[in-house]
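Report on one structure; see the data block that follows.
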Amino acid sequence: MTRERSLKSNDYAKKMKKEDIRRKVRAGKSLLSENDRAVAASRVFSRLEQLAAFMMSDRILMYHSLPDELSTLEFLSKWGGRKRFFLPRVNGVNLDILPYDRSSLRLGAFHIEEPQGNDITSIDEIEMVVVPAVAYDRSGNRVGRGKGYYDRLMADSKALKVGVAYDFQIFDEFDVDAHDVPVDMVITESATYIRRR
């Protein structure tokens with residue numbers, strides 16, 4: 001990935017196992033105040049909405065944030081009337097994609113608010129996927145929570161895949177598995193990394 005700005009990196013990540021990376025990132029998140037979280041989310045999503053690709057995309061798969069993730073709530077509210085947002089819903093080992101409607105959300109798998117109903121959309125109809133992760137490397141590889149939901153969802157997707165993260169979630173590189181699907185770019189509060197093809 002090329003980068004617009006330099007970030008502090010976690011140089012020893014190549015030697016770390018995914019669970020060690022998860023532990024390190026959890027520790028970093030535990031040090032954040034509510035204000036730190038709010039400021040970071042504002043900066044990250046401000047950078048996202050300035051992308052030409054975001055402005056040109058209409059059908060965007062977002063995520064409904066967990067307490068330890070960059071909050072998507074204000075962003076969904078801000079753009080919900082101008083973009084067609086979708087959210088994932090766990091269905092066995094896969095994710096269904098449904099339209100975002102704040103009034104239809106219910107607590108689902110893993111205590112994440114998920115959309116209800118039967119209006120399932122194909123990943124082929126999505127133009128941009130905004131992807132959460134535990135960590136990213138500078139090549140766009142991601143460490144998720146270990147269930148592989150997003151890897152399966154994105155495996156055949158032609159949509160632009162955008163990772164969002166705190167600065168400390170960026171590592172130089174780490175080992176990946178054959179089924180891991182990289183993102184096309186990663187946005188943090190101070191940098192945007194673009195994956196070289």
Side-chain angles (χ1 to χ4, degrees), residues 1-51 54 61-79 87-88 90 105 107-114 129-151 154 161-177 180-195:
M1 299 185 105
T2 58
R3 63 179 177 218
E4 289 182 359
R5 291 176 51 185
S6 175
L7 288 176
K8 290 182 181 177
S9 64
N10 296 291
D11 296 330
Y12 60 95
K14 187 71 172 170
K15 301 171 190 152
M16 296 174 72
K17 293 184 166 87
K18 286 184 177 181
E19 193 48 48
D20 294 329
I21 291 170
R22 289 183 182 107
R23 192 174 302 112
K24 180 175 176 54
V25 170
R26 266 194 309 269
K29 287 180 177 182
S30 72
L31 299 175
L32 296 173
S33 69
E34 286 302 315
N35 186 60
D36 293 337
R37 292 173 190 275
V39 167
S42 175
R43 288 181 180 163
V44 168
F45 288 108
S46 175
R47 294 172 71 85
L48 173 63
E49 67 191 19
Q50 293 173 33
L51 293 176
F54 174 78
L61 177 62
M62 293 292 295
Y63 65 94
H64 197 278
S65 50
L66 289 168
D68 70 334
E69 293 173 330
L70 285 165
S71 177
T72 57
L73 302 180
E74 285 186 28
F75 188 75
L76 287 166
S77 178
K78 176 180 180 180
W79 287 96
L87 292 179
V90 174
L105 297 180
L107 205 58
F110 309 107
H111 302 288
I112 301 171
E113 287 194 15
E114 298 177 332
V129 180
V130 178
V131 188
V134 173
Y136 293 96
D137 73 9
R138 295 172 188 269
S139 297
N141 297 305
R142 57 186 291 279
V143 172
R145 294 186 185 263
K147 305 288 188 201
Y149 287 108
Y150 277 95
D151 292 315
M154 298 187 306
K161 300 160 191 73
V162 181
V164 291
Y166 295 103
D167 284 332
F168 64 83
Q169 290 178 271
I170 303 298
F171 292 76
D172 277 343
E173 64 179 327
F174 42 70
D175 292 326
V176 295
D177 298 321
D180 291 340
V181 176
V183 295
D184 300 302
M185 67 174 57
V186 179
I187 300 173
T188 71
E189 56 273 48
S190 66
T192 298
Y193 290 82
I194 301 171
R195 181 168 66 96

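Sequential numbering from 1 along the given sequence is applied to the chain's residues.
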### Message
Please determine whether side-chain hydrogen bond (donor to acceptor under 3.5 Å, both in side chains) holds for the pair Arg195 and Ser139, giving the CA-CA distance in whole Å, both sets of side-chain angles, and the decisive distance to 0.1 Å.
### Response
CA-CA 6 Å; Arg195 181 168 66 96; Ser139 297; over 6 Å; no
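- Of the possible donor and acceptor atoms, one in the side chain of Glu114 sits under 3.5 Å from a partner among the backbone N and O of Val90.
- Between Gln169 and Val186 the shortest side-chain heavy-atom distance does not fall below 4.5 Å.
- Here Arg145 pairs with Leu66, Asp68, Glu69, Val134 under the side-chain contact (heavy atoms from CB on, under 4.5 Å) rule; sequence neighbours left out.
- A distance-only check finds no donor-acceptor pair linking the side chain of Glu113 to the backbone of Gly108 [under 3.5 Å].
- A salt bridge links Arg23 with Asp20: at least one charged nitrogen is closer than 4.0 Å to a carboxylate oxygen.
- Residues meeting the side-chain hydrogen bond (donor to acceptor under 3.5 Å, both in side chains) test with Asp177, sequence neighbours left out: Lys18.
- Partners of Val176 under the side-chain contact (heavy atoms from CB on, under 4.5 Å) rule, at least two apart in sequence or in another chain, are Asn141, Phe174, Asp180.
- In this structure, the separation between CE on Met154 and NZ on Lys161 is 6.5 Å, given to the nearest 0.5 Å.
- Tyr63 OH to Ser71 OG: the interatomic distance, rounded to the nearest 0.5 Å, is 7.5 Å.
- For Ser46, the side-chain contact (heavy atoms from CB on, under 4.5 Å) partners two or more places apart in sequence, or in a different chain, are Glu49, Gln50.
- Two residues are said to be in side-chain contact when any heavy atoms from C-beta on lie closer than 4.5 Å; Val44 and Tyr166 fail this criterion.
- You'll find the side chain of Asp137 stays beyond 4.5 Å of the side chain of Asp172, heavy atoms only.
- Nearest heavy-atom pair, Gly163 versus Tyr136, reported as atom, atom and distance to 0.1 Å: CA-OH, 3.2 Å.
- The two residues Val130 and Pro132 have their closest heavy-atom pair at O-CD, 3.8 Å.
- Taking 4.5 Å as the limit, some side-chain heavy atom of Leu48 sits within range of a side-chain heavy atom of Val162.
- Interatomic distance, CZ of Phe171 versus CD1 of Ile21, reported as 5.5 Å (0.5 Å rounding).
- At a threshold of 4.5 Å between non-hydrogen side-chain atoms, the residues Asp184 and Tyr193 do not count as touching.
- In terms of the salt bridge (charged side-chain N to carboxylate O under 4.0 Å, His left out) criterion, residue partners of Arg22 (sequence neighbours excluded) are, by chain and number, Glu19.
- For Thr192 and Arg47, the side-chain atoms include at least one donor-acceptor pair closer than 3.5 Å.
- In this structure, the separation between CZ on Phe54 and CH2 on Trp79 is 5.0 Å, given to the nearest 0.5 Å.
- Within the 3.5 Å criterion, the main-chain N or O of Lys29 finds a donor-acceptor partner in the side chain of Arg37.
- Nearest heavy atoms, His64 versus Ile112: O-CG2, 3.7 Å.
- The CG atom of Leu87 sits 6.0 Å away from atom CG of Leu105, with the distance rounded to the nearest 0.5 Å.
- Here Phe45 pairs with Phe75 under the ring pair (Phe, Tyr, Trp, His ring centres under 6.0 Å) rule; sequence neighbours left out.
- What you find for Ala135 and Val25 is that their closest heavy atoms are CB-CG2, 4.2 Å.
- Annotation: side-chain contact (heavy atoms from CB on, under 4.5 Å) contacts of Leu31 (sequence neighbours excluded): none.
- For the atom pair CD (Glu74) and OG (Ser65), the distance works out to 10.0 Å, reported to the nearest 0.5 Å.
- Partners of Asp36 according to the salt bridge (charged side-chain N to carboxylate O under 4.0 Å, His left out) rule, which considers only residues two or more places apart in sequence or in another chain, do not exist here.
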